[in-house]
Amino acid sequence: MNNEAREVGYLTYDILKETVRLPAKERLAKGPVAIIECTEDIPCDPCVEACKSGAISKESLVTPPSIDYEKCTGCTLCIDLCPGLAIFVVNINYKEDKALVSIPYEMLPVPEKGDIVDALNRSGENIGQAEVIKTRKGKSGTHVISIAVDRKFAMETRSIKVKRKENEY
Amino acid sequence: MKEKQRILKHPVLDFKRGRKINFHFERKGITGYENESIAAALFASGVKVFRKSKRFGHPEGWFCGIGKCSSCLMRVNGIPSTRTCITPAREGMQVEPQSAKGMLPDKTSIQVARKEEHVQVLIIGSGPAGLEAGITSRKLGLTTLIIDENPVPGGQLIKQTHKFFGSKEEYAGLRGFEIARIMLAQLKNYKGTYLTETSAIGYYPEEETGKHKFLAVKKQNDSYQLLEINADNIIITSGANENYLPFPKNYLPGIYGAGGVQTLMNVYGIKPGNRALIIGAGNVGLIVGYQLLQAGVEVKAVVEAMTHIGGYLVHASKLARLGVPILLRHTIKEVKGEEYVTGATIIEINENMQPIEGTEREMDVDLILIAVGLSASTKIPFQAGCEKMFVPELGGWVPIHNENMETTIKGIYVAGDVSGIAEASTAMLEGRIVGAAIAEKEALNPEASQRVKESALTELNQLRKSSLLKAVAAGKIKCQQKWNEAKNHEQ
């Protein structure tokens, strides 16, 4: 599956679904949960240490991480500590027809709570508007941005585009 | 054009510029900042043409930006062939472009003071391999000296804004520039010494005794000091050069190597362009693409000749979800522009790597970044006489070395990219292995030294299980076999 993704040039949702075991519908319904989109044998392990509930583990330094969705609390601590920026937290039942998606963000400008931003999918396509619900600057300097998106895009939304204000850059 | 190229706000970096300074370029006044290179100050002031081709008369820019190529050579205060990319700009300097050859200074004669040094370990280069070798050998009780031709130590680490992979021992999760700071603090903690703006110019062993001796030149403002460094052991960690790519007008200013672009934007806070095209989807191309976005540069596309990306999916995915197309089986056909890049044409290629006519696409770019791989910077070990070998898995010609990183010359070691192209964690571990191997040999803390070496070797073998480093592991084994053959032959 990784070879297929390498021929596309990045990890698509279809390939991801076939490569890793994603949380079942029932687990998603229960509340926020981390989705780890790291499928290769990268020698790396900060995610294991980041997880306070011991949900993330690695067989060896070079095996992709696996996650116990029952232990995961969706706390978002792993998001900014993952060097590959490959972890996202999805809360499918945020409210009404909205899901809350938390993503790592290292660009400018940094959005503020209440801002309306463009939600982007894995290939950078604009899939609709999203409201910024929460922002947090992690220890690593990476921001964790939580945005409310249409529920149907919960598993598609992986980035945002923030309008530049004047005098920025 | 002028100050607009300066990056004022960056998501990860905080640029602390020194005081403003003025110098002269072709009798025009140039304003730069203290501690920035001449090339960077010129570029920020809108000077993109660094010389004219002697043969064809066309304009050329700088390329590598890290002191490895010769495209930025200029006459500085009368001294010809000065590498402006690693020479700090200073108040009142006279900088002039030179013809390809560079004339000897006519009136000035350079005063050179000589100085002799004696150390147990001389380390050439202060990147991740050199710093770690220095820390380890100091920790284990050896006297060491690190020399580096750059104005600041840290090699390529200082320009990496992404968080590193690895485990805790290799500073996983920290950004490259943060790792450089920590390593430097550790080196100081163990009272390790280093000299910057000091170039190794050659290996000249003592004639009678055959003892190791390296000559180096230390620059300070306009004075030079010739260092004769007598060392029982030498560790060469001279890093890598960027590969070039042939295509029409590839000489134009605006076409740069990844290291140079990183230096400009992440060390000096200068935007290398406004709209970029990246050639090569290996980790370097993908990472620098992301760094360009962070610096506020639009990245139009990454083109890759192969049928698949060479780098990690997580790096590619970071770019893709920000809307950067990664075009496989594509290459650059030609560049537009007379004085500098004003555009490029890309083209699809077939399975035989031949361009497919009719698939051309115009790209509105003013920056073309070449990231098509690296080759070991082997001038120093080869000048010293270390035997070499062509190992494709290691990026081409490398000095033959064994598991302790010792070359075919006893007491001369290599570590990091000069011993085969890999990545920073590998470089650090190799540096640690060499430092410990020398301490073990010199019978200082033999047990502790052996422990350090063994655990670094175990870690390195762990790393090399990853698919991107498997080829490196295979290449290293070839090298070790060749080293054994050479040694058996000697006996």
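Only a predicted model underlies this, so the values are computations on that prediction, with no experimental measurement involved. Letters A, B, ... are given to chains in the order of the sequence lines, protein chains preceding strands, and every chain is numbered from 1.
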Can you say whether V8(A) sits under 4.5 Å from chain B via the side chain, the backbone, both, or neither, judging by heavy atoms? backbone
Rounded to the nearest 0.5 Å, what's the gap from CD on E40(A) to OG on S466(B)? Could you check? 9.0 Å
Does NZ in K17(A) sit with more than 12 non-hydrogen atoms of other residues, nucleotides or ligands closer than 6.0 Å? yes
Taking the side chain as every heavy atom from C-beta outward, state whether Y290(B) and M107(A) have any pair of such atoms under 4.5 Å apart. yes
Distance-only side-chain donor-acceptor flag, S467(B) / D41(A), under 3.5 Å: yes
With a 4.5 angstrom heavy-atom cut-off, which part of L313(B) approaches chain A: side chain, backbone, both or neither? both
Minimum-distance pair of heavy atoms, taken over all atoms of S167(B) and L61(A): CB-CD1, 3.9 Å
Using 0.5 Å steps for rounding, measure from the OH atom of Y10(A) to the CG atom of L286(B). 14.0 Å
L463(B) side, atom CG; C44(A) side, atom SG - distance, nearest 0.5 Å: 10.5 Å
Top contributor to chain B interface from L81(A), T142(A), T39(A) [non-hydrogen pairs under 4.5 Å]: T142(A)
Check: K163(B)/S140(A) side-chain N/O donor and acceptor closer than 3.5 Å: yes
Leading residue by heavy atom contact count with chain B [cutoff under 4.5 Å; candidates L11(A), I42(A), L120(A)]: I42(A)
With chain A, the option among T161(B), L328(B), L469(B) that has the most non-hydrogen atom pairs under 4.5 Å is L328(B)
Give the minimum heavy-atom separation between A316(B) and G9(A), together with the two atoms involved. CB-O, 2.9 Å
Side chain, backbone, both or neither of F164(B) within contact of chain A (heavy atoms, under 4.5 Å): backbone
Heavy-atom pairs under 4.5 Å with chain A are the metric here; pick the option from Q462(B), K168(B), H315(B) that has the most. K168(B)
Heavy-atom proximity to chain B below 4.5 Å, by part of R122(A): backbone
The interface call for E37(A) against chain B, heavy-atom contacts under 4.5 Å, is backbone
Taking 4.0 angstrom as the limit, do E106(A) and K318(B) come out as a salt bridge? no
Chain A heavy atoms under 4.5 Å from A172(B): which part of the residue, side chain, backbone, both or neither? both
Bottom line for N2(A): the part with an atom under 4.5 Å from chain B's heavy atoms is both
So for E7(A), is it side chain, backbone, both, or neither that comes closer than 4.5 Å to the heavy atoms of chain B? both
Of all heavy-atom pairs between G84(A) and V314(B), which one has the smallest distance, and what is that distance? O-CB, 3.8 Å
Quick check on D45(A) against chain B: is it the side chain, the backbone, both or neither that has a heavy atom closer than 4.5 Å? both
Might you confirm whether atom NZ of K58(A) has over 12 heavy atoms from other residues, nucleotides or ligands at distances under 6.0 Å? yes
R175(B), part contacting chain A, at a heavy-atom distance under 4.5 Å: side chain
Relative to chain B, which segment of C47(A) carries a heavy atom at a distance below 4.5 Å: side chain, backbone, both, or neither? neither
Does M306(B), at its CE atom, have more than 12 non-hydrogen atoms belonging to other residues, nucleotides or ligands within less than 6.0 Å? no
Would one find more than 12 heavy atoms of other residues, nucleotides or ligands at under 6.0 Å from atom CZ of R361(B)? no
How about R321(B) and T157(A): does a side-chain donor come under 3.5 Å of a side-chain acceptor? no
What is the distance from atom CG of L322(B) to atom OG of S123(A), rounded to the nearest 0.5 Å? 11.5 Å
Could you tell me which non-hydrogen atom of F165(B) sits nearest to which non-hydrogen atom of P83(A), and how far apart they are? CD2-CB, 3.7 Å
Is there a donor-acceptor contact under 3.5 Å from the side chain of R6(A) to the main chain of I309(B)? yes
